[in-house]
Protein chains: 2
Amino acid sequence: MARHYVTIKDIAKILNISVSTVSRALRDTYDVNQETKEKVLALAAELNYKPNFNATGLAKGSTHNLGVILPFITNYYFSTVITGIQEVAYNNGYNITLFVTNDSPERELAIMENLSVSSLDGLLVSISSDSDSCNHFQEIIDEGVPVVFFDRVANEIDTSKVMQDDYNGAFEAVEHLILNGYTKIAHIAGPKGMSFTEARLKGYIDALTKHHLRINEDWIVYSGFSQEYGEQDTYQLLQLKQQPDALFAVNDRKAIGAMIALKNKGIKVGEEFGVIGFTNDPMSTIISPALSTIAEPAFEIGKLSCELLIKHITKPKYFHGEEIVLPGKLIVRESSMRKAKH
Amino acid sequence: MARHYVTIKDIAKILNISVSTVSRALRDTYDVNQETKEKVLALAAELNYKPNFNATGLAKGSTHNLGVILPFITNYYFSTVITGIQEVAYNNGYNITLFVTNDSPERELAIMENLSVSSLDGLLVSISSDSDSCNHFQEIIDEGVPVVFFDRVANEIDTSKVMQDDYNGAFEAVEHLILNGYTKIAHIAGPKGMSFTEARLKGYIDALTKHHLRINEDWIVYSGFSQEYGEQDTYQLLQLKQQPDALFAVNDRKAIGAMIALKNKGIKVGEEFGVIGFTNDPMSTIISPALSTIAEPAFEIGKLSCELLIKHITKPKYFHGEEIVLPGKLIVRESSMRKAKH
DNA sequence: GTGAAAGCGCTAACAC
DNA sequence: GTGTTAGCGCTTTCAC
């Protein structure tokens, strides 16, 4: 407590000049004498002067802070997105303040309600699963806070969004299974009502339809995103009298859970039963057989989101937001090998 | 730009009272009339008033911000630590500002030099690999900024630290291999010069010594922390004329790399060759055979670090820091099964 | 080119 | 119990 940091006032006093001159010198404003400027800079360095962002923020009405709100950070996708965000934030002189919702809508709401919007220049958000009400985001946007959504976007809200091409990725994944000889393809989906899971579901359905395969409602099971859910969902599928011979999982975690369930039941993945995921989590190369998947450009998504947000912040007049959809990439590994004849 | 948020002044004007009364009412200071207080609260809620943290920070000399500086977030350990930090920060009304160094000492230094210390109440840090100079941390501590180190700590610096018991974890891991019949145990280590890798190395050496096994310098290879390094290191070991029959890896990532190398060479992990890691990354259960390891209490480490930091901040007079060492836990899986006789 | 002064939003004496 | 005032550290007119 009672820490005193060196301020421009200190510098001004020592150099016997005014604070405004110091301020100008420090910020490299032109109308300041070269000599005084150098003296100021030298002294600032010597005293180890660091500007107080609170003060700067107050005075300028803009802070160096970007808020990032997301469900989790303990998985490959989100941690990589943050790394991307961090990268461009860092290069542009912004700090990021991290809020994790644990995928709880209540927590998300609580965070939003306590958010000191005035100390944030903008917000990057990936909404939590059951957050059906996005009013809190709309409100904040109405107040003029720039926000850009990534991955788990709120469709109703009109602002910038960046995401992967969930529909086409899913379509490609499922078509790949079909082309490899699988015909009874299930989908272990995410929760209902999220835009990206819906897109993946639609990709699944359309791929089947294109190839004249019947949609079997029993083969679509909705639940959470974890490996455990993937395992559970798969056991459920395997209890059906009419069993699938392949599955497309909404993400790699669930696909891995599925593979574990299949192994436990003695079913050979990649021969008798095809599996494909979505994400390209490093785990997919570790598990055996290696998991085929749709690679998501997570780092890129983080970078682009942050770049968009900065545009919103710096050019509010000229930039009115855009939606960016990045393509995924089919990565064929062992889990979806051509179905063995017997 | 030119966003105007509602301030206590606005509320004061509308209610025709002074700003200080509004301020008091909002912060629940006692000497304020129940009735006015209710009016203020009601209006604040109606207008969706949010305090400006920059202003509060400036006025009170303390912000709601904790800085977190660490090498990476894209792995199980660090992302889990952050989640723990986040949890207690959230419950105590702090925000966290995230800085990732990408394990680069230069980046770490740059971050520290640009750090607006005055807008941070404290700092949680895990240093980057080759950061041999910790002066920048010492300086900041000398200025009165509370900092606590976690995991990758700077030994020379006298402040709170929280880490797992690297020495005993390593000792136990290696002894486990020995007890399971392995006698020629290698260590694929981290870089030299970091305190936690040194501790793990020492645990390795002491376990061998206790069991009268010779230390073979060729069997200790130092490199980075990634899976790729683990693979490389292992190939290197396998080229030795005198080959080891087991290895202890400084972390699970490297252990997994090792397993991949061993598989590629046709060596049966867990029968001919024992492998054990450190961390308990979820990947260790995915890989086959499943990887034995020492589980680190990552979430707990995050929580404790943050709690310590908050103590430093709130009780600077009475709390002078402490070192917490959390025990790891040996988790035996398949990769270290009793060596098969032949 | 430089200084004085007001003000960003809030808190905290100090009066009354 | 409430208002007035000064001040946190910095920026920014507006003078000179």
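Each chain gets a letter, A, B and so on, in the order its sequence line appears, and its residues count up from 1. The figures that follow rest on heavy atoms only: side chains count, while hydrogens, waters and symmetry mates do not.
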In terms of side-chain heavy atoms of [X], which of [options] is nearest?
X	options	answer
A:Thr21	C:dG3, C:dT11, C:dC14	C:dG3
B:Ala59	C:dG9, D:dT11, C:dG3	C:dG9
B:Thr36	D:dT12, D:dT2, C:dT11	D:dT2

Does a nitrogen or oxygen in the side chain of [X] sit under 4.0 Å from OP1 or OP2 of [N]?
X	N	answer
B:Lys9	C:dC8	yes
B:Thr7	C:dC8	no
A:Ser18	C:dG3	yes
B:Arg27	C:dA12	yes

Problem set entry | Charged N-O contact under 4.0 Å between B:Arg152 and B:Asp103 | yes
Exercise. Between A:Arg107 and B:Glu87, is there a salt bridge with N-O shorter than 4.0 Å?
Worked result: yes
Exercise. Where along residues 45-56 of chain A does a heavy atom come under 4.0 Å from DNA chain D, residue by residue in number order?
Worked result: A:Tyr49, A:Pro51, A:Asn52, A:Ala55, A:Thr56
Atom-to-atom span, [atom1] of [X] to [atom2] of [N] - whole angstrom:
X	N	atom1	atom2	result
A:Lys60	C:dC8	NZ	C1'	13 Å
B:Arg24	D:dG3	CZ	C1'	8 Å
B:Asn16	D:dT4	CG	P	10 Å
A:Lys39	C:dG1	NZ	P	16 Å
B:Tyr5	C:dC10	OH	C1'	17 Å
A:Gln34	C:dT2	CD	C1'	16 Å
B:Lys13	C:dC10	NZ	P	13 Å
B:Asp28	C:dT11	CG	C1'	16 Å

Exercise. Do the ring planes of B:His312 and B:Phe319 sit parallel (below 30°), tilted (30 to 60°) or perpendicular (above 60°)?
Worked result: perpendicular
All N/O donor-acceptor pairs, side-chain side in residues 68-77 of chain A, below 3.5 Å, sequence neighbours left out:
residue	atom	partner	partner atom	Å
A:Asn75	OD1	A:Tyr77	N	3.2
A:Asn75	OD1	A:Phe78	N	2.9
A:Tyr77	OH	A:Asp151	OD1	3.3
A:Tyr77	OH	A:Gln164	OE1	3.0

Exercise. Are side-chain heavy atoms of B:Tyr94 and B:Asn65 found at a separation under 4.5 Å?
Worked result: no
Exercise. Got A:Asn48 and A:Lys50 here, is their nearest side-chain heavy-atom distance under 4.5 Å?
Worked result: yes
Exercise. Checking only heavy atoms, does the side chain of A:Ser20 share a donor-acceptor pair with the base of C:dA4 at less than 3.5 Å?
Worked result: yes
Seminar exercise, completed: Result for 5'-nearest mapping on DNA chain D, choosing between B:Leu58 and B:Lys37, is B:Lys37
Exercise. Strictly under 6.0 Å, is that where the ring centroids of A:Phe137 and A:Phe149 end up?
Worked result: yes
